[in-house]
Every structure is written in structure tokens, then in C-alpha cells.
Amino acid sequence: MLHRFRQFTNAGRLPTPRDFALARQWLEPPLFELFAAQHPRDAVHTAATARWLLERGYDDPHLLQAAFLHDIGKGEQGRFDRTISVIAQASGLEARLASASSRFPVRRAIERSRTHSESGARTLEAARASERVIDLTRRHHGPPGTDPVLALLQEADTAT
């Protein structure tokens, strides 16, 4: 829950030149463009996710690319919509409240949050990212099983 509070309080921050420089170092131009096009909140979070990994000595290019891009499927969401999405997920109501075709923006935002792993993977496929980055993005909210790289991405995601 502490990480959710931290995410809420940091939601208004903008990515810094340092965030963009780090992303540019690890992402080829088409992938960097995806990073830069994210909602600012997600760019700040994903850069922090990559930085968390680097600070602990992890330098696998696929892991770091996935760290920068794992939330690209979320799209535009206001702070209220994101908060409601988190509450809906935590309470088990996410699937019932989510609706891509609802006239209510919050229900559309919940749907984007609910499906962001898969839609982000499709975006990465279209951008010709590596299969490994696509797979890590697609599964970053699922059980890691025996994949230690996915487990690292999940740990970094939660920590930031």
C-alpha cells in the first residue's frame, strides 16, 4: 500500500531531462518515441523502475527496455481515474466496472488499466521491439513462474 501512496503523491511530477537521457541511452529511436509519448506520470514511474534496476547492478538490455515501456498501454488517465482504477482492482470490482465503450471516462480508464499489459505488448509488436521485451511487458502483472527476469521487473515496478 505504501507504493500506491507514493505513486499517488508523485502523480503530478514531470519527467526530468535526466529521465529522458537515461531512456535515450537504453532505447532505440522508435522505442524512445513510445517512452516519450507516455503520460508524464508513467514516464516518471518507468524511468524510476529502470533506475531502480540499474542502481542494483542489473543491466540486461531487455529488462531495462521493458522497465521503460511496461506501462505504455495505460494511455491518458487523470489522477482521479487512476485512483479509482487502483481501488477497483484492489476490491475485485475491476472487471465489472471496466468498459471500453462506456460513456463514463472513468470506466474507460479502468478498462485501459485492466488491459494495459496486453495493449502495451501489441504497441511494442507494432514498433518491432524484441520478443523478450514484448513478453516481459505482456506478463508484468502475471505470476513470474520460473522467470527471474520477470520477477525482477515486477519487484522494480512495485518498488517505484
Side-chain angles (χ1 to χ4, degrees), residues 1-89 94 98 100 105-106 108-130 132-142 149-160:
M1 188 53 107
L2 178 61
H3 74 279
R4 293 294 187 194
F5 179 75
R6 185 174 46 248
Q7 285 176 337
F8 181 80
T9 58
N10 290 331
R13 290 185 41 220
L14 296 175
T16 65
R18 183 175 170 232
D19 294 332
F20 286 111
L22 186 62
R24 201 176 298 279
Q25 180 181 343
W26 288 96
L27 300 172
E28 295 182 15
L31 299 181
F32 176 79
E33 292 305 317
L34 291 175
F35 168 80
Q38 293 182 99
H39 187 282
R41 173 205 59 243
D42 294 326
V44 168
H45 162 65
T46 60
T49 302
R51 194 171 286 111
W52 187 95
L53 290 162
L54 286 165
E55 288 169 354
R56 285 155 183 78
Y58 300 105
D59 62 358
D60 176 292
H62 295 122
L63 172 61
L64 291 167
Q65 289 175 8
F68 281 112
L69 299 168
H70 69 275
D71 281 342
I72 61 168
K74 285 187 178 176
E76 182 65 34
Q77 291 182 340
R79 191 181 291 198
F80 172 77
D81 294 340
R82 180 68 185 130
T83 302
I84 297 300
S85 294
V86 169
I87 292 168
Q89 180 185 26
E94 186 179 42
V106 68
R108 294 191 308 269
I110 293 169
E111 177 67 13
R112 283 192 308 276
S113 286
R114 188 173 78 86
T115 60
H116 81 275
S117 298
E118 183 59 37
S119 64
R122 286 193 308 271
T123 299
L124 290 171
E125 286 171 347
R128 299 181 188 252
S130 75
R132 183 63 170 142
V133 173
I134 293 165
D135 181 61
L136 289 168
T137 299
R138 180 173 278 125
R139 298 187 311 129
H140 80 271
H141 282 295
V149 175
L150 178 59
L152 274 173
L153 177 61
Q154 291 172 337
E155 184 179 357
D157 187 23
T158 300
T160 58

Novice: As an exercise, state the distance from CG of Asp71 to CG of Asp157, rounded to the nearest 0.5 Å.
Specialist: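 CG of Asp157 is found 6.0 Å from CG of Asp71.
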Novice: When rounded to the nearest 0.5 angstrom, what distance separates CZ in Phe32 from CD in Gln25?
Specialist: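 Spacing of CZ (Phe32) from CD (Gln25) equals 12.0 Å.
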Novice: Minimum heavy-atom separation for Leu153 and Ala67, please, with both atom names.
Specialist: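 Distance-wise, the nearest heavy atoms are CD1-CA, 3.7 Å.
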Novice: Work out which heavy atom in Ala98 is nearest to a heavy atom in Glu111; give both atom names and the distance.
Specialist: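 Nearest heavy atoms, Ala98 then Glu111: CB-OE1, 3.1 Å.
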Novice: Before we go on, tell me: are the rings of His70 and His141 under 6.0 Å apart, centre to centre?
Specialist: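 Between His70 and His141, the centre distance exceeds or equals 6.0 Å.
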Novice: If the condition is salt bridge (charged side-chain N to carboxylate O under 4.0 Å, His left out), which residues does Arg108 pass it with, not counting sequence neighbours?
Specialist: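 Listed in chain order: nothing, the list is empty.
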Novice: Any side-chain donor paired with an acceptor under 3.5 Å for Gln38 and Thr46?
Specialist: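 Yes, Thr46 and Gln38 have a side-chain donor paired with an acceptor closer than 3.5 Å.
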Novice: Report the residues that fulfil salt bridge (charged side-chain N to carboxylate O under 4.0 Å, His left out) with Glu118, sequence neighbours left out, ordered by chain and then residue number.
Specialist: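 Partners of Glu118 under the salt bridge (charged side-chain N to carboxylate O under 4.0 Å, His left out) test: Arg122, Arg138.
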Novice: What residues, two or more places apart in sequence or in another chain, satisfy salt bridge (charged side-chain N to carboxylate O under 4.0 Å, His left out) together with Arg112?
Specialist: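 So Arg112 forms no salt bridge (charged side-chain N to carboxylate O under 4.0 Å, His left out) with any residue.
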Novice: When rounded to the nearest 0.5 angstrom, what is the spacing between CG in Leu69 and CD in Gln65?
Specialist: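 Rounded to the nearest 0.5 Å, the CG-CD separation comes to 7.0 Å.
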Novice: Given the rule in the side chain to side chain contact (heavy atoms under 4.5 Å, CB included) test, do His62 and Val149 qualify, once you have shown the distances and angles that lead to the verdict?
Specialist: CA-CA 9 Å; His62 295 122; Val149 175; over 6 Å; no
Novice: Side chain to side chain contact (heavy atoms under 4.5 Å, CB included), that's the test. Do Trp26 and Leu63 meet it? Break it down for me.
Specialist: CA-CA 10 Å; Trp26 288 96; Leu63 172 61; over 6 Å; no
Novice: What pair of heavy atoms forms the shortest contact from Leu136 to Ala66, and how long is it?
Specialist: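 For Leu136 and Ala66, the tightest heavy-atom pair comes out as CB-CB, 3.8 Å.
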Novice: Would you compute the distance between atom CG of Asp60 and atom CG of Leu152 and round it to the nearest 0.5 angstrom?
Specialist: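 CG of Leu152 is found 9.0 Å from CG of Asp60.
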Novice: Taking His116 for its side chain and Ser113 for its backbone only, find out whether a donor-acceptor pair lies under 3.5 Å.
Specialist: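 Checking the backbone N and O of Ser113 against the side chain of His116, a donor-acceptor pair under 3.5 Å is found.
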Novice: Can you see which heavy atom on Phe35 is nearest to which on Phe68, and at what distance?
Specialist: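 Nearest heavy atoms, Phe35 then Phe68: CD1-O, 3.5 Å.
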Novice: Kindly check if the number of other-residue, nucleotide or ligand heavy atoms within 6.0 Å of OH (Tyr58) is above 12?
Specialist: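 Counting other residues, nucleotides and ligands, OH of Tyr58 stays at 12 neighbours or fewer.
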Novice: For the residue pair Leu22 and Ala47, what are the closest heavy atoms and their distance?
Specialist: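 Heavy-atom minimum between the residues: CD2-O, 4.4 Å.
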Novice: Which pair of non-hydrogen atoms, one from Leu31 and one from Ala129, has the smallest distance, and what is that distance?
Specialist: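 That closest heavy-atom pairing would be CD2-CB, 3.9 Å.
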Novice: Yes or no on side chain to side chain contact (heavy atoms under 4.5 Å, CB included) for Asp42 and Ile72, after CA distance, side-chain angles and deciding distance?
Specialist: CA-CA 8 Å; Asp42 294 326; Ile72 61 168; over 6 Å; no
Novice: Take Asp19 and Arg51 through the side chain to side chain contact (heavy atoms under 4.5 Å, CB included) test and state the conclusion after the steps.
Specialist: CA-CA 9 Å; Asp19 294 332; Arg51 194 171 286 111; 3.0 Å; yes
Novice: Under a 3.5 Å distance rule, please check whether Gln154 uses its side chain to pair with a backbone N or O of His140 as donor and acceptor.
Specialist: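 Checking the backbone N and O of His140 against the side chain of Gln154, a donor-acceptor pair under 3.5 Å is found.
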Novice: When rounded to the nearest 0.5 angstrom, what is the spacing between CG in Leu124 and CG in Asp135?
Specialist: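 The CG atom of Leu124 sits 11.5 Å away from the CG atom of Asp135.
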Novice: Distance check, rounded to the nearest 0.5 Å: Thr137 atom OG1 versus Leu150 atom CG?
Specialist: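 CG of Leu150 is found 10.0 Å from OG1 of Thr137.
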